[in-house]
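Just so you know, these numbers come straight off a predicted model, no measurement behind them.
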Amino acid sequence: GVAVLSQNGSLTLLKENLSIAGEPLGYALDASSPAFDGVDFLLASYAKQPPAGGKTYLGALEVQRLAPTGTLKDAAPLLGDVQETGTLDGAVAIACKAPGDCLAAYSMRKYGTGGESDQDIWVAPVKNGQPGASIQVTTAAEDQIAPSVVWEGTRWVVAWVDLRFATASIPFYNNSQLYGARVSSAGAVLDPIGIPLASYAELADTTNASQATALPEAIALARSGSTTLLAWRGTSSQKILGGRLAANLNALDATPVVMA
């Protein structure tokens, strides 16, 4: 797998799956996310790492910077914490609040002595392209996946698809929801159990009786002042829906707004 970034019509190679010896590896990059911090472009991804210390399944957040001129500022991706993980199929998001000051969010199933955990949401500060220590945002039951992140002016807002109440029998994924949490600029998780942002009914799929109920394909966050916009694709309608959130993540719209 290869990640590239387009700049003025040209493509610049940011990340290629290579071993330490420079040989292509047989796995794809996890989902990647770009951002611009006011000075540089950044590409964040969560990717498999070479086995080490007797551990086979290792992963790490990776960030690489590209100047607006198209010049790579990092010859190789800068690595965050190397974690023992059973999941390399999660999503990654990154947002910036100032030059050299960003936050990456990703979903990851950690592996340890007790086996694999549920898939949880993690964040890591990214200072001048270097990922810092990972911080676990969610510890709720079942999986939390597909994160998005934005700086809302005083703190970070992280949102995700939450399966803590979703059904584990047919139809699967009934009662999936969107949740969120605020994270301080210092990295403190202010809402450790999460705040519900959109109910199953608001995800526009309350009548699906098939074997597998679709999950939202993607969610996104944007902000204006202290107001944050959360948007998602309806799971059965396929329409783009959204709603505004106050600084405390309370909904400002009684019902989701159909945007497209």
Side-chain angles (χ1 to χ4, degrees), residues 29-33 35 42 44-48 57-63 80-97 102-112 114 116-126 131-152 155-166 173 175-200 203 215-223 228-233 245 248-249:
L29 266 179
D30 197 358
S32 300
S33 175
L42 297 91
S45 60
Y46 195 85
K48 186 176 180 180
Y57 301 106
L58 301 176
L61 180 68
E62 298 184 344
V63 176
D81 295 339
V82 176
Q83 298 166 303
E84 190 173 9
T85 176
T87 299
L88 287 164
D89 58 358
V92 178
I94 187 171
C96 301
K97 70 184 184 76
C102 307
L103 187 78
Y106 60 96
S107 54
M108 189 267 293
R109 192 185 309 277
K110 195 169 185 179
Y111 185 84
E116 289 186 351
S117 69
D118 294 324
Q119 199 160 337
D120 296 310
I121 304 299
W122 296 71
V123 297
V126 179
S134 296
I135 302 162
Q136 189 169 2
V137 176
T138 60
T139 57
E142 305 304 330
D143 289 347
Q144 287 77 49
I145 58 177
S148 184
V149 61
V150 71
W151 174 255
E152 61 90 74
R155 58 184 67 88
W156 300 99
V157 174
V158 183
W160 61 86
V161 177
D162 199 295
L163 305 182
R164 70 183 71 186
F165 299 121
Y173 304 129
N175 298 321
S176 56
Q177 300 177 52
L178 301 186
Y179 265 66
R182 297 164 297 169
V183 179
S184 74
S185 59
V189 179
L190 304 179
D191 309 294
I193 64 173
I195 297 174
L197 303 180
S199 68
Y200 181 64
L203 297 186
L215 291 168
E217 291 184 6
I219 64 173
L221 292 168
R223 69 102 174 177
T228 299
L229 175 67
L230 170 66
W232 66 91
R233 183 184 293 276
L245 305 173
N248 60 2
L249 300 190

Self-check item: Set of salt bridge (Lys or Arg N to Asp or Glu O under 4.0 Å) partners for Arg223, sequence neighbours left out
Solution: none

Self-check item: Gap separating the OG atom of Ser107 from the OH atom of Tyr46, nearest 0.5 angstrom
Solution: 10.0 Å

Self-check item: From CE (Met108) to CD (Glu84), nearest 0.5 Å
Solution: 10.0 Å

Quiz item: Sub-3.5 Å donor-acceptor pair from the side chain of Asp162 to the main-chain atoms of Tyr179, do we have one?
Solution: no

Quiz item: Are the side chains of Leu178 and Leu230 in touch, meaning some heavy atoms are under 4.5 Å apart?
Solution: yes

Quiz item: What is the minimum heavy-atom distance between Ile195 and Asn248, and which atoms define it?
Solution: CD1-O, 3.8 Å

Self-check item: Euclidean distance, Gln83 CD relative to Arg109 CZ, rounded to 0.5 Å
Solution: 14.0 Å

Self-check item: Under the salt bridge (Lys or Arg N to Asp or Glu O under 4.0 Å) test, residues paired with Arg155 that sit two or more places apart
Solution: none

Practice problem: Can you see which heavy atom on Gly80 is nearest to which on Pro131, and at what distance? | Solution: CA-CB, 3.6 Å

Quiz prompt | Reported CG-to-CG distance for the pair Leu221 and Leu245, which is rounded to 0.5 angstrom | solution = 7.5 Å

Self-check item: Over all atoms of both residues, closest heavy-atom pair of Asp143 and Gln119
Solution: OD1-N, 2.8 Å

Self-check item: Residue pair Ser33 / Tyr106, side-chain heavy-atom distance below 4.5 Å
Solution: no

Quiz item: Out of curiosity, Ile219 CD1 to Arg233 CZ, how far, rounded to the nearest 0.5 Å?
Solution: 14.0 Å

Quiz item: Are more than 12 heavy atoms from other residues, nucleotides or ligands located less than 6.0 Å from atom CG of Leu190?
Solution: yes

Quiz prompt | Shortest non-hydrogen contact from Pro147 toward Ala93 | solution = O-CB, 3.6 Å

Quiz item: Where do Gly132 and Ala124 come nearest, in terms of heavy atoms and distance?
Solution: O-CB, 3.8 Å

Quiz item: Do any N or O atoms from the side chain of Ser184 and from the backbone of Ala186 form a donor-acceptor pair under 3.5 angstrom?
Solution: yes

Quiz item: Got Trp151 and Cys102 here, is their nearest side-chain heavy-atom distance under 4.5 Å?
Solution: no

Quiz item: At their closest point, which heavy atom of Glu142 faces which heavy atom of Leu163, and how far apart are they?
Solution: CB-O, 3.3 Å

Quiz item: Stepwise, does the side chain to side chain donor-acceptor pair (under 3.5 Å) test hold for Asp120 with Trp122?
Solution: CA-CA 6 Å; Asp120 296 310; Trp122 296 71; 4.9 Å; no

Quiz prompt | Inter-residue atom distance Leu103.CG - Cys96.SG, 0.5 Å rounding | solution = 9.5 Å

